[in-house]
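Structure first, commentary second.
Remember, it's a predicted structure, so these values are computed and weren't measured experimentally. Basis for what follows: all heavy atoms, side chains included, without hydrogens, waters or symmetry-related copies.
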Amino acid sequence: MDRSNSTRLATFARIIRLSLIPSAITTLVILVGGMLYLKQSSIDARELLRSDVQRALDVVAVRLESNVEKLTSAVSTLGTIAGINPNLLSEGFASLASATMHENPGILRISLAPDGVISDVVPREEKARRVGRRLDRFYAQRTASNWARALKKPVIGSHVRLADGTYGFDAYVPITVTTKGVETFWGYLELLIADKAIYRDTVGYQQNLSERGRILVTNLPEAPYAISIRDMSIQARNAEPFLGVKKDFESDAVLRKVNIAGALWQLAGVPKAGWNQPPAHGTLTKTIILLGALIANVPILFTGWMMNARQVALVALDQRNKELLTMSHRLNLALESSRFAVWEIDIDTGTRFWDEWMYELHGLPYDPSSPTANGPGADAWKTNIHPDDLEQAEHALQQTLDSLGVYGDEYRIIDKGKTRYLRHAGLFHQASDGQRKVTGISWDITDDVERTAALTAAKDRIEHNAFHDPLTELGNRRMLDRTLTGLLQRAPDGTGNAAPAIALLHLDLDRFKQINDTLGHAAGDAMLVHAARILKAHTGPDDTVARIGGDEFVIVTAETDEAKLTALSQGIIDAMHQPVDHEGTACRFGVSVGIAISDTATDARALLVNADIALYRAKENGRNRHVFFTETLQSDIVETKRIGDEILAGIENDEFTAWYQPQFDAKTMTLCGVEALIRWEHPRDGILPPATFLSIAKDLNVVAALDAIVLRKALVDMARWTAAGLVVPKVSVNVSAKRLRDPMLTETLTGLSFTQGRLCFELVESIFLDGDDDILMQNIAAIKALGIEIDIDDFGTGHTSVVGLLKIKPNRLKIDRQLVSPMTTSVREQALVRAIIEIGHSLGIETVAEGVDTLAHVDMLATLGCDALQGYALSKPLSAAEFARFAHSESGFRTEAMLPAEFGMPLAS
């Protein structure tokens, strides 16, 4: 027994010895092969992991682009309105911007910036803080806004920290205006977008104490991925990401660049658990390798099994990559924008693929268990299409299938009694297996259609208001000008022949002022509305009726027969003459009518002038009548010429002089200056105010000469007062637009003798309609250099902008009497005067009120913060000698005796 056991042991030992080298070789081969396999598996796992991170970055990039495009597109609609008419956007900016922000909560602020300077802001609580700021104030703003202007499309800017500790992005939407085919830059819409709105629907992200924010990709089953983002548009910001951490960009991260509204962002993605993750089944593989090394007698079988397992894994990996490529293709299309439906048509088989959202958009039931779950039949997709759109929808799709081209269409869906608008886009492509398909997306544009309709209605309302009087709903002066220009330039047969004759009736209500003054503005408004009804009732549908002034109306008609025009005018006069009851009071007023026919005028202005001359004659003849313009009325021109000749003679004979109306400090009521006003010492008619001759002087082009006379005499009088011990703080002299544009103005002023700071030039507001006049701007600069101050006269009635004020930098704004006079009884005028005073103070500009005719004006303007007052309540215009006596009096300006009785202006009690 012992010998038998010894034999077995010897045999086993011999086998061991004989198989030692083969076993060692086999074991070594297995171990080396196993190590190589593990290494390759680790490489494959790492590459697969990088591929998953890259797909995650693609998803984030597409959704970021979609979110930014959606937000900027919502505001670009406002830019489209401004491109049509910037005034439309300026007038309705607050409501349009508020509506846009309401529909897009991610937009925190919208600012309107003509020429890069913010003029209006929504929300309104930020307006006072931001209005007047320039978009080129900081480098980042200047770079982004300039880039938006160069690209002519929205550009996203810097990542900024908000007051509540959150973050956002500023963006700039350029606005261009096309006039007569020429496109010009107008300004910007500046946006502040919450960063959460940009990251929305991308991937989840969390906030922690050590990092500003980091995206965690959790929509893939393998592992979460951390994603960081930084802006590559400006090199100076490369080092610091605005989302995530800087180390992600320095590690072996997957990087992707994406263009976001003109900005270049870089995304970095890394697995949260790191790159060195063990491959799947790593432990099992090691166990098998060890078992293979132990089972030395089956090395070939074991090695074959290992190779076979690896081949199976590679085949599975290749199949998975193909599936992922197909899914990625569909996903990229679906994620171009939120809530997109995906569809596909196999051209050869006619089968359709629809996702669930496509069924919902078309109002069709979706049953995953149904045989048609993947797509409807050839006719089922047409079920709910609007009957009026069905033929066009079929034709558009069939044309794409026949031409193998691009598909684009819109049609309506009727679903449960409601109409929905859908837009579709698709593209032909041939798959790797040779199948020909058209793949596309569809989305609901109902909100966009409704929003466009609302904006169109708003535009129509704004345009209507721009050309109509709000009280009477008649046309206004702008409509009249447009109508006259069109009628007088239009040939009846389109051959360039003379325009057809038209008649223009200029109407002015008689005794309307008495009703307005005695019964109040409400009664006056009621009379105007009543008059408008009469005019509408007596005119035809092709006639134009417009209100061009307080109680002035114009009728434009193609009827030129004098008998019929007489009947029309008399009918209106008779109807107007009837008493009108207003709150129990019978109001009576009449109307005077001046009539001109286009045969007597070559343009709209001349036609209006002729009708106005006829109206003037009707009033001269006793009112409540009509008069045709005739050659007889031309005799008035002779009178005008006589006055013109006397004006020229008066300049030569030194008949024009300066009178002075004092200005008083609103707080202390002390004298703070005077305004020099021109008077004509007519040898026959005595002292004449400018109203009797200034309009004719303008026609003679001698206003600049009259300005020079007033300036010269004012300096002489000021020197005399100073010599007599009377120091006048400041003398203001009016300067006409023509003289201000005189290239020789500076040379003329250099020879004058005056004390710097005591001479002021008053410039009418309308001068600054042409703010780019080089000579004008040079003369203003030279005037300031000589120590002459600048006042803007008649402010509030012209078109001066805040930008114009900043450019001119005047010392004072003179609020026009048209705003000051009614402010004691009108809340609207009070608000306008208060706004002008606040604007002036905010810009460091003093304000002077003209037309202060009652003590009530004095009290109210002082309360509102006006700096200086001028008007008949304080003093009428005085000659140089009268002013010297007045200025030496300590209380003369406070008494009613200084108010001329002929003006009939009572002082407030």
Side-chain angles (χ1 to χ4, degrees), residues 62 66 69-70 73-74 76-77 80 103-104 201 326-327 329-431 435-457:
V62 170
S66 174
E69 174 64 19
K70 179 180 179 181
S73 295
S76 294
T77 305
T80 302
E103 296 173 359
N104 299 272
D201 293 334
T326 303
M327 292 176 61
H329 177 71
R330 296 174 180 173
L331 182 62
N332 287 336
L333 290 174
L335 295 181
E336 288 291 335
S337 182
S338 60
R339 303 293 287 172
F340 277 14
V342 179
W343 52 268
E344 190 173 73
I345 301 177
D346 191 314
I347 296 178
D348 298 320
T349 64
T351 58
R352 285 174 167 79
F353 164 80
W354 278 18
D355 64 3
E356 183 177 355
W357 181 238
M358 190 68 173
Y359 278 93
E360 185 172 347
L361 287 179
H362 284 75
L364 299 177
Y366 175 74
D367 183 5
S369 61
S370 172
T372 61
N374 290 333
D379 296 322
W381 68 280
K382 312 174 188 176
T383 303
N384 293 331
I385 294 181
H386 194 287
D388 295 341
D389 299 343
L390 181 59
E391 182 178 353
Q392 184 270 337
E394 292 176 327
H395 175 73
L397 181 59
Q398 190 60 47
Q399 185 178 24
T400 300
L401 297 178
D402 294 339
S403 63
L404 305 180
V406 178
Y407 173 65
D409 192 21
E410 294 181 10
Y411 52 74
R412 291 168 290 176
I413 292 293
I414 301 178
D415 182 18
K416 299 177 182 178
K418 296 182 179 180
T419 300
R420 184 164 51 242
Y421 293 81
L422 302 185
R423 181 173 293 167
H424 315 272
L427 185 66
F428 166 78
H429 72 96
Q430 190 165 5
Q435 289 184 319
R436 299 183 304 162
K437 298 181 179 180
V438 175
T439 303
I441 56 175
S442 301
W443 66 99
D444 190 336
I445 60 169
T446 304
D447 291 342
D448 293 338
V449 172
E450 293 175 349
R451 187 182 302 111
T452 300
L455 291 174
T456 301

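Residues forming a side chain to side chain donor-acceptor pair (under 3.5 Å) with H386 (at least two apart in sequence, or on another chain): none. By the side chain to side chain contact (heavy atoms under 4.5 Å, CB included) test, R436 is found to be paired with I347, D348, L404, F428, Q430, residues two or more places apart in sequence or in another chain being considered. With sequence neighbours left out, V449 forms a side chain to side chain contact (heavy atoms under 4.5 Å, CB included) with Y421, I445. Remark: S76 engages no residue in a side chain to side chain donor-acceptor pair (under 3.5 Å) (not counting sequence neighbours). Under the salt bridge (charged side-chain N to carboxylate O under 4.0 Å, His left out) criterion, D346 pairs with no residue at all, not counting sequence neighbours. Every salt bridge (charged side-chain N to carboxylate O under 4.0 Å, His left out) that E410 has, sequence neighbours left out, goes to R423. Looking at residues two or more places apart in sequence or on another chain, you find a side chain to side chain contact (heavy atoms under 4.5 Å, CB included) between E450 and T446, D447. With sequence neighbours excluded, no residue satisfies side chain to side chain donor-acceptor pair (under 3.5 Å) with N384. The side chain to side chain contact (heavy atoms under 4.5 Å, CB included) test applied to E69 returns T72, S73, not counting sequence neighbours. Every residue two or more places apart in sequence or in another chain was checked for a side chain to side chain donor-acceptor pair (under 3.5 Å) with T452, and none qualifies.
Here the side chains of E344 and H429 are in contact, with some heavy-atom distance below 4.5 Å.
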Residues L361, S442; criterion side chain to side chain contact (heavy atoms under 4.5 Å, CB included); working and verdict
CA-CA 8 Å; L361 287 179; S442 301; 4.3 Å; yes
Check step by step if side chain to side chain contact (heavy atoms under 4.5 Å, CB included) holds for I413 and I385.
CA-CA 5 Å; I413 292 293; I385 294 181; 3.9 Å; yes
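Contact detail for T400 and V406: the closest heavy-atom pair is OG1-O, 3.6 Å. Looking at every heavy atom in both residues, L364 comes nearest to W354 through CD1-CZ3, 3.8 Å.
A distance of 9.0 Å separates CE in M358 from CH2 in W381, rounded to the nearest 0.5 Å. Atom NE2 of H362 and atom CD1 of I414 lie 13.0 Å apart (nearest 0.5 Å). Summarising the geometry, atom CG belonging to D444 is positioned 6.0 Å from atom CZ belonging to R420; distances are rounded to the nearest 0.5 Å. For the atom pair CD1 (I345) and CG (L401), the distance works out to 5.5 Å, reported to the nearest 0.5 Å.
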Give every donor-acceptor pair under 3.5 Å between a side-chain atom in residues 392-399 and any protein atom, sequence neighbours left out.
unit_1	atom_1	unit_2	atom_2	d
Q392	NE2	D409	OD1	2.7
E394	OE2	K382	NZ	2.7
Q398	NE2	D402	OD1	2.9

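None of W443, Y411, W343 except one satisfies the side-chain hydrogen bond (donor to acceptor under 3.5 Å, both in side chains) rule with H424; the exception is Y411.
The main-chain N or O of K418 is never found under 3.5 Å from a side-chain atom of D415 such that the two would form a donor-acceptor pair. In terms of modelled atom types and a separation under 3.5 Å, the side chain of D355 and the main chain of A341 share no donor-acceptor contact.
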